[in-house]
There are 2 protein chains.
Amino acid sequence: MDPQPFHDHDHHLCSDAVMSQAEAMLTASGARLTPVRRRVLEILLEQHRAMGAYDVLQRLAAEGFGNQPPVAYRALDFLVEQGLAHRIQRLNAFTACMHPGEAHAPAFLICQGCNTVAEAPAAPVRAALESAAADLGFTVERASVEALGLCPACREAS
Amino acid sequence: MDPQPFHDHDHHLCSDAVMSQAEAMLTASGARLTPVRRRVLEILLEQHRAMGAYDVLQRLAAEGFGNQPPVAYRALDFLVEQGLAHRIQRLNAFTACMHPGEAHAPAFLICQGCNTVAEAPAAPVRAALESAAADLGFTVERASVEALGLCPACREAS
DNA sequence: TCTATGTATGTAATATCATAACACGTCAAG
DNA sequence: CTTGACGTGTTATGATATTACATACATAGA
Ligand SMILES: [Zn+2]
Ligand SMILES: [Zn+2]
Ligand SMILES: [Zn+2]
Ligand SMILES: [Zn+2]
């Protein structure tokens with residue numbers, strides 16, 4: 001679960017670990033990981049990518065769940081609220097959180113070559129941002145930090 | 001033009017300065033500030049806010065310009081390309097650049113109380129981000145840093 | 001057990017944001 | 001004058017997201 005999305009790795013180690021952690025978190029908090037929600041999380045966990053709500057919806061519909069947008073959006077919103085998924089503003093898309101439970105305000109690294117999305121630890125970034133904001137008297141409540149660029153493999157290949 | 005969007009100020013000093021600078025930049029670069037484009041910039045400059053493309057479009061239509069989405073999007077895209085406007089991902093909206101010409105990769109501070117949008121100098125933020133990315137072998141090409149929170153006035157009022 | 005309540009899901013309809021494709025007008029270079 | 005680049009206008013469509021309402025389902029009192 002602390003892998004390099006950008007490098008070859010046994011991805012089941014990622015997804016299995018996150019699923020277990022998700023179950024534990026939700027059991028603890030009392031929130032319910034219903035079939036739709038679980039399935040959406042599994043779908044997001046299949047790859048280190050961001051998926052649009054309609055892509056998720058299509059998968060759900062093919063598996064016998066509802067096929068109207070709210071079905072996908074509700075599950076996705078739930079996961080985001082529970083800290084199990086993140087919304088990538090830049091892509092109008094969602095990605096599974098790879099470090100659920102850990103307090104984290106990540107920066108997202110979006111590879112323009114292979115569409116991989118990685119969470120980078122961003123404590124220093126947040127600190128710098130809050131400092132810059134404080135200079136203007138502004139109090140940061142939530143922030144999104146998203147970088148487009150090239151992962152090591154795609155940089156190599158280009 | 002180096003005002004505090006969050007504080008009372010003579011806003012004409014902002015907009016006039018930016019307009020002059022925009023004209024100078026475009027004259028120099030050879031790009032054309034046509035009536036639609038100029039008007040869109042003026043509209044964006046009316047307030048320290050972000051406006052949706054369709055809001056801009058409505059204004060344009062009321063003034064006799066075309067009333068179809070591409071009219072607004074083309075002008076907005078032009079301004080963004082020329083560095084005269086920024087897109088705020090979080091809001092699906094656009095805001096005039098308050099520091100055109102200056103090389104800058106700003107962080108945006110979005111007040112949830114009054115919807116004011118300010119550009120904060122973000123060189124340290126970018127540096128921290130690039131460093132965090134480099135740790136994963138990732139090369140940043142473009143990044144968006146957007147913070148939601150409260151400006152001084154709204155924080156006071158709450 | 002039997003409701004009552006809150007929560008989750010399903011669906012229809014609609015709102016909001018964005019782009020593709022094509023037609024027309026203008027203007028300057030050749 | 002013709003050509004070609006560019007800007008604008010318009011139609012049509014695509015992509016993303018939410019509102020509103022109906023239905024199912026769990027579970028906690030009575
Ligand atoms: Zn993985
Ligand atoms: Zn995360
Ligand atoms: Zn101002
Ligand atoms: Zn700017």
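Order of the sequence lines sets the chain letters (A, B, ...), proteins ahead of strands, with each chain counted from 1. Below, all heavy atoms of this structure are taken into account, side chains as well, without hydrogens, waters or symmetry copies.
As rounded to whole Å, 12 Å separates atom P of C:dC17 from atom CG of B:L57. A:R39 has its CZ atom 15 Å from the P atom of C:dT9, to the nearest Å. Across the protein-nucleic acid pair, A:M51 atom CE and D:dT16 atom C1' stand 15 Å apart, rounded to whole Å. Rounded to whole Å, the distance from CG on A:D77 to P on D:dT16 is 15 Å. Rounded to whole angstrom, the span from the CZ atom of B:F65 across to the C1' atom of D:dT10 amounts to 17 Å. Taking atom OH of residue B:Y73 and atom C1' of nucleotide D:dT13, one finds them 14 Å apart after rounding to whole Å. Between the CZ atom of B:F78 and the P atom of D:dG7 there is a distance of 7 Å, given to the nearest Å. For the pair A:Q68 CD and C:dT9 C1', the interatomic distance rounds to 12 Å; values are reported in whole Å.
Salt-bridge annotation for A:R59 and A:E46: present, with a side-chain N of the basic residue lying under 4.0 Å from a carboxylate O of the acidic one.
Nearest to the side chain of A:N92, among C:dA8, C:dG10, D:dA17, sits D:dA17. Of the listed nucleotides (C:dT9, D:dA12, D:dG7), D:dA12 has the atom at the smallest distance from the side chain of B:P69. For A:R87, the side-chain atoms get nearest to D:dA17 when compared with the rest of C:dT11, C:dG10, D:dA17. When the nucleotides C:dA12, D:dT8, D:dA17 are ranked by their closest atom to the side chain of B:T34, D:dT8 comes out on top. Comparing D:dT10, C:dA8, C:dT11 against the side chain of B:V71 picks out D:dT10 as the nearest.
Judged by distance alone, the side chain of B:E146 and the main-chain N or O of B:R90 form a donor-acceptor pair under 3.5 Å.
For the atom pair CE of A:M51 and CD1 of A:I88, the computed distance is 13.5 Å after rounding to the nearest 0.5 Å.
When the options A:H7, A:H12, A:H11 are evaluated for a ring-ring contact (aromatic ring centres under 6.0 Å, His included) with A:H9, the one that passes is A:H11.
For A:Y54 against D:dA17, a side-chain-to-base donor-acceptor contact under 3.5 Å is present.
Inter-residue side-chain proximity for B:H86 and B:M98 is flagged as unmet; no heavy-atom pair is nearer than 4.5 Å.
For the pair B:L91 and B:R74, both in contact range of DNA chain C, the more 5′-proximal nearest nucleotide belongs to B:L91.
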